[in-house]
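Worksheet for the structure shown next.
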Amino acid sequence: MFLTGRVDGLQPDAAYTVEVSLDLATNVGAGLIGIGGSPGESVFVKAGASDVEPATVVDSIGHLRMNIDKGNQSQGGEAMVVMGNVAHPDVTGPEFRIKTLGNEGQALTVETDGEGRLWLIVGTDSGFEGRTTLYYDRIAYRLLLVGGG
């Protein structure tokens, strides 16, 4: 699952460092067992940016995949870093609790396209094979031009 948004007006063909933080509401406690993996610790929250619009594509064996390098489950990729998982240590029942995540200490640098555009992306990469319900309360990006301004 992923959300995207395009940013315009950046310097064309320029490198930017990407900082991301977010608050999401989750109703999954820690230490649970699930199908294919834990419903909390096996659902990884990722964020990043790309000069290519993130999209769902069908691979050679008919599976849906992303057209950018997001990594695989607990591993980040060229376009996305893992910020944590959806397990909240204080959830003990059906209530939703806010969990804050960020990419501190995980540098991500991306280059804009020739028109000064980037696609920002946030999502989950899951080993859990059941239903996941999350509510994103806040998503914040900070783009810093590498080498100046």
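The analysis underlying the following values was restricted to heavy atoms, covering all of them including side chains, and did not include hydrogens, waters or symmetry mates.
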Exercise for the section: Starting from the C-alpha separation in whole Å, work towards a yes-or-no answer on side chain to side chain contact (heavy atoms under 4.5 Å, CB included) for Asn103 and Glu19. Expected result: CA-CA 6 Å; Asn103 72 323; Glu19 296 176 1; 4.2 Å; yes

Using 0.5 Å steps for rounding, measure from the [atom1] atom of [X] to the [atom2] atom of [Y].
| X | Y | atom1 | atom2 | answer |
| --- | --- | --- | --- | --- |
| Met83 | Thr100 | CE | OG1 | 10.0 Å |
| Leu101 | Ser21 | CG | OG | 9.5 Å |
| Asn67 | Thr56 | CG | OG1 | 8.0 Å |
| Asp137 | Ile98 | CG | CD1 | 4.5 Å |
| Gln11 | Glu111 | CD | CD | 11.5 Å |
| Arg117 | Asp51 | CZ | CG | 9.5 Å |

Exercise for the section: Without swapping roles, check the side chain of Lys46 against the backbone of Gln73 for a donor-acceptor pair under 3.5 Å. Expected result: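 A pair under 3.5 Å: yes.
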
Side chain proximity check, [X] to [Y], heavy atoms < 4.5 angstrom:
| X | Y | result |
| --- | --- | --- |
| Val122 | Tyr141 | yes |
| Val18 | Leu143 | yes |
| Ile35 | Phe128 | yes |
| Val110 | Leu118 | yes |

Practice task
Have a look at Met80 and tell me which of Ile121, Val45, Leu108 forms a side chain to side chain contact (heavy atoms under 4.5 Å, CB included) with it.
Solution key: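 For Met80, the side chain to side chain contact (heavy atoms under 4.5 Å, CB included) check succeeds only for Ile121.
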
Handout entry: Member of Asn85, Leu134, Val91, Val86 meeting the side chain to side chain contact (heavy atoms under 4.5 Å, CB included) criterion with Lys99
Key =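 Considering Asn85, Leu134, Val91, Val86, a side chain to side chain contact (heavy atoms under 4.5 Å, CB included) with Lys99 is found only for Asn85.
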
Say whether [X] and [Y] are linked into one hydrophobic cluster, either directly or through other cluster members, by side-chain heavy-atom distances under 4.5 angstrom.
| X | Y | result |
| --- | --- | --- |
| Leu10 | Leu145 | yes |
| Tyr136 | Val43 | yes |
| Val20 | Leu3 | yes |

Minimum-distance pair of heavy atoms, taken over all atoms of [X] and [Y]:
| X | Y | answer |
| --- | --- | --- |
| Thr26 | His88 | CG2-CB, 3.8 Å |
| Glu41 | Leu32 | OE1-N, 4.2 Å |
| Val81 | Gln106 | CB-OE1, 3.9 Å |
| Ala87 | Gly29 | CB-O, 3.9 Å |
| Ile68 | Ala79 | CD1-CB, 3.9 Å |
| Pro12 | Thr112 | C-OG1, 3.4 Å |

Handout entry: Within residues 2-57 or reaching into it, pairs that qualify as ring-ring contact (aromatic ring centres under 6.0 Å, His included) - sequence neighbours excluded
Key =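 Every candidate ring-ring contact (aromatic ring centres under 6.0 Å, His included) pair involving residues 2-57 fails, so no pair, neighbours aside, qualifies.
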
Handout entry: Whether over 12 other heavy atoms sit under 6.0 Å from Arg138 CZ
Key =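 Yes.
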
Practice task
Evaluate whether atom OH of Tyr135 has more than 12 neighbouring non-hydrogen atoms of other residues, nucleotides or ligands under 6.0 angstrom away.
Solution key: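 Counting neighbours around OH of Tyr135, 12 or fewer heavy atoms of other residues, nucleotides or ligands fall under 6.0 Å, so no.
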
Handout entry: Asp69: side chain to side chain contact (heavy atoms under 4.5 Å, CB included) partners, not counting sequence neighbours
Key =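 Residues passing side chain to side chain contact (heavy atoms under 4.5 Å, CB included) with Asp69: Glu78.
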
Exercise for the section: May I have the step-by-step check of side chain to side chain contact (heavy atoms under 4.5 Å, CB included) for Asp113 and Asp13, ending in yes or no? Expected result: CA-CA 5 Å; Asp113 68 11; Asp13 300 314; 5.6 Å; no

